[in-house]
Amino acid sequence: MNPKKFFIETYGCQMNVADSEVVATILQNSGKYIYCKTIEEADLILLNTCSIREKAEHRIWGRLDNLKGLKRNNSSVIIGVIGCMAERLGDKLLDNEIVSVVAGPDNYRDILRLIDLACNNQKAVNTEPSLTETYDKIIPLRLDDSTVSGFVSITRGCNNFCTYCIVPYTRGRERSRNPQDILKEIIHLKESGFKEVTLLGQNVNSYYWKNDNEDFNFYDLLELAAKNNPEMRIRFTTSHPKDMSDETIKTIAKYSNICKHIHLPVQSGSSRILKLMNRKYDREWYMDRINAIHEIIPECSITTDIFSGFCTEKQEDHEETLSLMKWANFDMAYMFKYSERPGTYAAKNLTDDVPEEVKLQRLQEMISLQNDISLKSNRSDIGKTFEVLTEGISKKKNNELFGRTSQNKVVVFPKLNFKFGDFVNVKIEDCTQTTLIGKSV
Ligand code: SAH
Ligand code: SF4
Ligand code: F3S
């Protein structure tokens, strides 16, 4: 029998991108399914979903609504919801008439059985959390056309229970993967032509493995990855400020192929709010970590996540956030407004008492401040030369390429004879708030 065709749409964070590759590998290795590039030709459609904010879930409901037409025209197509929203809502998703498969992030090894049930007109759901599943020994199929930059998960789940956050409930307890398996995956990427790998985890700094009674920490893993793959760039995300150690910062400084970029989500500039968030650090600790990074790696860029309007946030807390943003001079920031997530500590025990318009107003102030800071940061790069890893054709002009610096800034430059995957030295001549513009030298 010819294999059936499947299509996966991925929402949410990079971990979902990596997980979609795991699911694709499981499907394709069965010989029963083959990946296809357009949704219209698919016999099986999977949405790999995110629950981080209410809006993320709204988007999935909207998507399911507009897949109804497709299902009407082809009633045999199987539609499944997987990922964090599947974990959070479980069989409630089956109330939607077009959904017949639901699988949580720890249940992808069971996906073929679930799909078989659905093919026999049964609704199939598995959202059983696991304490051990890390999808070891599954070398992921790469779905993206790009063969320049890839992802490898190093931990799954999260134990931090920040009071606003749904992730510990959708992804379960933190587990680290065997370093040798991680290394094998990086080498596999390298042998497939990849030039860059991003090590993924909700809190990479708490990566921990015991090797013959010896501790193996995140900085040991960074070193292992960097030493064994000197021709590859190594990135990692996300770092939690509470666990950002000097040893890690020194390891980043020591290896030229470890990118000089740290994504260090601060969430708020107010120590009172940070405490309510259960972030386990205060404003001073965060500032101390930034100072340590600047001291040990002067050329390092620092980016962050922040959100406005957490429970009880007052104007003075908000001002502390703005003043921290000014002080830290983040090169870039992802900014949000608080969205209460059912089941979290905050939803159960704190009051979502900042009015929507105040959340929005504060968010807008943060965005406009950060826009100025990002522009200033980019302007300060004019005249400097950076090694850029070429990733693709610029969206605006097809005679230009784009790539990223070690600091993770996007650079566009004339294509000439360069190809994707080339390392090119580019001198920066101009910039916008989001992009550096230059010429190869
Ligand atoms: N593990 C990472 C973050 C993962 S979620 C860390 O600890 O930093 C990505 C970002 O979404 C978070 O950093 C936070 O800024 C934001 N976020 C998480 N829950 C949220 C919520 N309930 N409302 C608004 N933003 C939220
Ligand atoms: Fe969520 Fe906090 Fe874990 Fe990040 S560290 S995933 S914000 S609980
Ligand atoms: Fe979203 Fe789950 Fe990632 S909630 S941000 S897809 S871990």
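Whatever order the structure lists ligands and atoms in, that order sets their numbers, starting from 1. Sequence positions, counted from 1, serve as the residue numbers for this chain. Quick note: numbers below take in every heavy atom, side chains included, and nothing from hydrogens, waters or symmetry partners.
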Check your understanding: Considering only protein heavy atoms, which is closest to atom 1 (Fe) of ligand 3, and at what distance to one decimal place?
Key -> Cys50 SG, 2.3 Å
Review point. Among protein heavy atoms, which lies nearest atom 3 (C) of ligand 1, and at what distance?
Key: Gln202 OE1, 4.0 Å
Review point. Can you list the atoms of ligand 3 that are under 4.0 Å from a heavy atom of Asn16?
Key: 6 (S)
Review point. What is the closest protein heavy atom to atom 19 (N) of ligand 1, and at what distance does it sit?
Key: Tyr164 CD1, 3.3 Å
Exercise for review: Look at Glu57 together with Arg88 and state whether they make a salt bridge at an N to O cut-off of under 4.0 Å.
Suggested key: yes
Check your understanding: So, does Arg171 sit close enough to ligand 3 that a heavy atom of it is under 4.0 Å from the ligand?
Key -> yes
Check your understanding: Does Cys84 bring an N, O or S atom to within less than 2.8 Å of atom 1 (Fe) of ligand 3?
Key -> no
Review point. Is the NZ or CZ atom of Arg289 both under 6.0 Å from the centre of the six-membered ring of Trp285 and within 45° of that ring's axis?
Key: yes
Review point. How about Asn278 and Asn160: does a side-chain donor come under 3.5 Å of a side-chain acceptor?
Key: no
Check your understanding: Which atoms of ligand 2 sit under 4.0 Å from any heavy atom of His240?
Key -> 5 (S)
Point to revise | Contact check, Gly83 vs ligand 3, heavy-atom distance below 4.0 Å | key: no
**Study point:** Nearest neighbour of atom 4 (S) of ligand 3 from the list Ala56, Ser51, Pro105, on a heavy-atom basis
**Key:** Ser51
Check your understanding: Does ligand 3 have an atom under 4.0 Å from some heavy atom of Gln202?
Key -> yes
Exercise for review: Give the residue and atom name of whichever protein heavy atom lies nearest to atom 3 (Fe) of ligand 3, and the separation in Å to one decimal.
Suggested key: Cys13 SG, 2.3 Å
Exercise for review: Tell me, with the steps shown, if Thr170 and Ser51 meet side-chain hydrogen bond (donor to acceptor under 3.5 Å, both in side chains).
Suggested key: CA-CA 8 Å; Thr170 60; Ser51 287; over 6 Å; no
Exercise for review: Run the numbers for me: atoms of ligand 1, each under 4.0 Å from some heavy atom of Arg341, listed by number.
Suggested key: 22 (N)
Exercise for review: May I ask you to say whether Arg156 pairs ionically with Glu133, meaning some side-chain N is under 4.0 Å from a carboxylate O?
Suggested key: no
Point to revise | ring-ring contact (aromatic ring centres under 6.0 Å, His included) assessment of Tyr338 paired with Tyr164 | key: CA-CA 8 Å; Tyr338 174 56; Tyr164 51 81; 7.2 Å; no
Exercise for review: For atom 7 (O) of ligand 1, state which one of Arg279, Gln267, Arg53 supplies the nearest heavy atom.
Suggested key: Arg279
**Study point:** Whether Cys158 has an N, O or S atom under 2.8 Å from atom 2 (Fe) of ligand 2
**Key:** no
Exercise for review: Would you mind listing which atoms of ligand 2 come within a distance below 4.0 Å of any non-hydrogen atom of Cys165?
Suggested key: 1 (Fe), 6 (S), 7 (S), 8 (S)
Review point. Which of these passes side chain to side chain contact (heavy atoms under 4.5 Å, CB included) with Val102: Leu89, Leu114, Thr127?
Key: Thr127
Check your understanding: Just checking, is any N or O donor in the side chain of Glu41 or Thr38 under 3.5 Å from an acceptor N or O on the other one?
Key -> yes
Review point. Which residue owns the protein heavy atom closest to atom 7 (S) of ligand 2, what's the atom, and how far is it?
Key: Tyr164 OH, 3.3 Å
Point to revise | For atom 6 (S) of ligand 2, closest protein heavy-atom neighbour | key: Gln202 OE1, 3.4 Å
Review point. Under a 4.0 Å N-O cut-off, is there an ion pair linking Glu223 with Lys254?
Key: yes
Check your understanding: Does Asp116 pair with Lys32 as a salt bridge, N-O distance under 4.0 Å?
Key -> yes
Check your understanding: Which heavy atom of the protein is the closest neighbour of atom 24 (C) of ligand 1, given with residue, atom name and distance?
Key -> Lys337 O, 3.4 Å
Practice item. Within a distance under 4.0 Å of any heavy atom of Pro168, pick out the atoms of ligand 2 and give their elements. Key: 8 (S)
Point to revise | Minimum-distance protein heavy atom relative to atom 8 (S) of ligand 2 | key: Cys162 N, 3.4 Å
**Study point:** ligand 1 atoms in contact with Pro265 (distance to a heavy atom under 4.0 Å)
**Key:** 8 (O)
Check your understanding: Under 4.0 Å between a Lys/Arg side-chain N and an Asp/Glu carboxylate O for Lys314 and Asp317?
Key -> no
Point to revise | Nearest-neighbour protein heavy atom for atom 13 (O) of ligand 1, which is reported as residue plus atom name and distance | key: Asp305 OD2, 2.6 Å
Check your understanding: Within a strict 4.5 Å, meaning less than it, do heavy atoms of the Phe236 and Thr198 side chains meet?
Key -> no
Check your understanding: How far is atom 5 (S) of ligand 2 from its nearest protein heavy atom, and which residue and atom is that?
Key -> Asn160 ND2, 3.3 Å
Study note, to complete from the structure: Under 4.0 Å between heavy atoms, the region of Phe161 that gets near ligand 2 turns out to be backbone
Point to revise | Polar side chain donor-acceptor pair, His240 to Gln202, under 3.5 angstrom | key: no
Check your understanding: What residue and heavy atom of the protein are closest to atom 21 (C) of ligand 1, and at what distance?
Key -> Ser339 O, 3.6 Å
Study note, to complete from the structure: Checking heavy atoms under 4.0 Å, the part of Ile52 that sits near ligand 1 is both
Check your understanding: So, does Asn203 sit close enough to ligand 1 that a heavy atom of it is under 4.0 Å from the ligand?
Key -> no
Check your understanding: Looking just at side-chain N and O atoms, do Tyr255 and Asn257 make a donor-acceptor pair shorter than 3.5 Å?
Key -> no
Check your understanding: Does ligand 2 have an atom that lies less than 4.0 angstrom from a heavy atom of Arg279?
Key -> yes
Revision key, fill the gap. Side chain to side chain contact (heavy atoms under 4.5 Å, CB included) with Phe330: of Ile290, Asp305, Leu264, only one passes, and it is Ile290
Review point. Going by an N to O cut-off under 4.0 Å, is there a salt bridge joining Glu313 and Arg362?
Key: yes
